[in-house]
> 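Dropping the structure in here first, questions after.
Given the structure is predicted, the values throughout are model-derived calculations rather than measurements. The chains referred to below are lettered A, B, ... by the order of the sequence lines, with proteins before strands, and numbering in each begins at 1.
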Amino acid sequence: MSWYNTLGEHGDIVLSTRVRLARNLEDFPFPVRLDRDGKKQVAECVKEALSDYTETELNFIDMEELSRNDAVSLAEKHLISPEFAYDSTGRALLQSDDEEVSIMLCEEDHIRIQVILPGLSQKEAFEKAEKIDKAIEEKLNYAFSEKLGYLTQCPTNLGTGMRASVMLHLPALVRKGAMRRLSATVAKLGLTLRGCYSEGVEAAGDVFLLSNQVTLGISEEAALQNLGSIAKQIIAEEKQARAVVISDSEFIDKIYRAKGILQSAYKLTSKELVGLTSLVLMGAEEKIIDVPMDKLSSMNILLMPATLRKAEGADLSRDERDIVRAKRIREVLG
Amino acid sequence: MLCQNCKKNEATTHIKHVINGEATENHFCHSCAESLGVGGFFDDFSLNLPGIFSSFFGDSVFSLGERQLDRCEKCGSCFDDIIKTGKVGCADCYEKFYSKLLPSIQRIHGKAKHQGKIPEIHGVKVAAKEKTTEEKIADLQKEMQKAIEEQNFERAAVIRDEIKKLKEAE
């Protein structure tokens, strides 16, 4: 089930967990040194290697044949990287129908196995990615060295080649002004905390990504354990902060007003939407107001520009999109 | 002064740059300077220095010859390509430029020894590599014994010679 349609463990704060494994084939130069044909050859090899993979059904998508809008929609859903959506040359994607597995071929590395699941689920996500990893490894030779581990195009991914991240909704910590301190603290522990929908610490929708920074000299297991325990500490801090802010009548007023705007606006931009839903969702999680949480939460993704255009028709103007977006939100909130 | 690149012609282009307080000087003849892309009057030599990735490759300031002429045989990358793009060309580059890349890798990760998963086929490779000569001889002796038991004396003789070779090499 797509991560944005489900609430998982700690779902009031953790939106999703993603594990990404970077792998390269021994027999080909890295993508930076491959032309279009070379990239296509790599994609074919991997497609072939996974042709009898039965665990999950994987659809092969030639990125060159996908429209720009559909590609951007995949990036909005965090299923591919924005860079992968904008340059399709020679690239391909293997994707499961439930949108849990996406394998980017010839992104920065030959193979980027990605599993994204709802809630805090780093172990399950890793296990799922590892199964695919093993299936490829049985057929193809990975670029690997004893000293440096899995060899990657960028030295920042050497070692395990594993990047695991947890998407966190932290409205109370943002209001408390705690994000700068938290970012500095996790950096000392080999992790990164950054805004999900913008660069730096100011994040639209108060959504942040916590991920492991170091990949060499630390095992997958240890890195995942680190990530999990620090995520849990941040969750606990957010809960404490929420207990404080919800006793403030000014803040409760803001939550009510946000709900009011969502219920009655005629037009909404996607940026406005994520800002308002952040407040409303927190209000619902803290039982201040009552809204269908999972539905509202999924709207943050489903009403993003490209995804909305994909659902409603490609020729919608920006103005028309804002009107449709507001209408869909009014329907959800009754 | 002779050109440091071809060591034949008189050096006419002199470049001096200072990085972290340490000055380096390069001297090239006209044709070498041109082929290395540092000849023109309007060329900003600093553009060829570690730019955006200088924080990664800060320690890796080598002479121009080392950075541009020494190329990976598999993919054709030189170290300059890696510095400029921040991207390594292929698996072999990591071996070829290991000593040049190592300081940056250590700076990024703190450590430079892999821990964690090893792909199956490489797992086997690693085990084979780590066998000492003594262990190899012991294996061969077992194999020779088996050949003798099977009365396959030809094979036993071949193995005996292999053992002899290994002992001599030691």
> Tell me which of these, A/Leu158, A/Thr215, A/Leu34, A/Asp133, has more heavy-atom pairs under 4.5 Å with chain B than the rest.
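The answer is A/Leu158.
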> Counting only non-hydrogen atoms closer than 4.5 Å, does A/Glu137 touch chain B with its backbone (N, CA, C, O), its side chain (CB onward), both, or neither?
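Contact with chain B is through the side chain of A/Glu137 alone.
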> Ignoring hydrogens and angles, state whether a donor on the side chain of A/Ser183 or A/Arg194 is under 3.5 Å from an acceptor on the partner side chain.
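Their side chains do not contain a donor-acceptor pair, so the 3.5 Å distance test is not met.
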> Output the option from B/Ser77, B/Cys93, B/Cys72 having the highest count of non-hydrogen pairs under 4.5 Å with chain A.
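Maximum pair count with chain A is reached by B/Ser77.
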> Within 45 degrees of the axis of the six-membered ring of A/Tyr150 and under 6.0 Å from its centre: does A/Arg23 put its NZ or CZ there?
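Cation-pi check for A/Arg23 and A/Tyr150: passes.
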> When you look at NZ of A/Lys139, are more than 12 heavy atoms from neighbouring residues, nucleotides or ligands closer to it than 6.0 Å?
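Yes, because the 6.0 Å sphere around NZ of A/Lys139 holds more than 12 heavy atoms from other groups.
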> Identify which one of A/Ile136, A/Val46, A/Leu94, A/Val19 satisfies the side chain to side chain contact (heavy atoms under 4.5 Å, CB included) criterion when paired with A/Ile113.
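That would be A/Ile136.
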> Tell me, side chain or backbone of A/Asp109 under 4.5 Å from chain B's heavy atoms, or both, or neither?
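The answer is neither part of A/Asp109.
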> Give me the atom names and distance for the closest heavy-atom approach of A/Ile230 to A/Leu210.
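So the two residues come closest at CG2-CD2, 4.1 Å.
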> Does NZ or CZ of A/Lys147 lie under 6.0 Å from the centre of the six-membered ring of B/Tyr98, at an angle within 45° of the ring axis?
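A/Lys147 over B/Tyr98 ring: yes.
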> If you count heavy-atom pairs within less than 4.5 Å of chain B, which of A/Gly190, A/Gly159, A/Gly161 leads?
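Max contact count across the listed options: A/Gly159.
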> Does any heavy atom of chain B fall under 4.5 Å from the side chain of A/Ile218, the backbone, both, or neither of them?
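When you check distances to chain B, only backbone atoms of A/Ile218 fall under 4.5 Å.
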> With a 4.5 angstrom heavy-atom cut-off, is it the side chain or the backbone of B/Asp92 that approaches chain A, or both, or neither?
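For B/Asp92, no heavy atom lies under 4.5 Å from chain A.
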> Give, as side chain, backbone, both or neither, the part of B/Lys74 having an atom under 4.5 angstrom from any heavy atom of chain A.
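Only the side chain of B/Lys74 comes within 4.5 Å of chain A.
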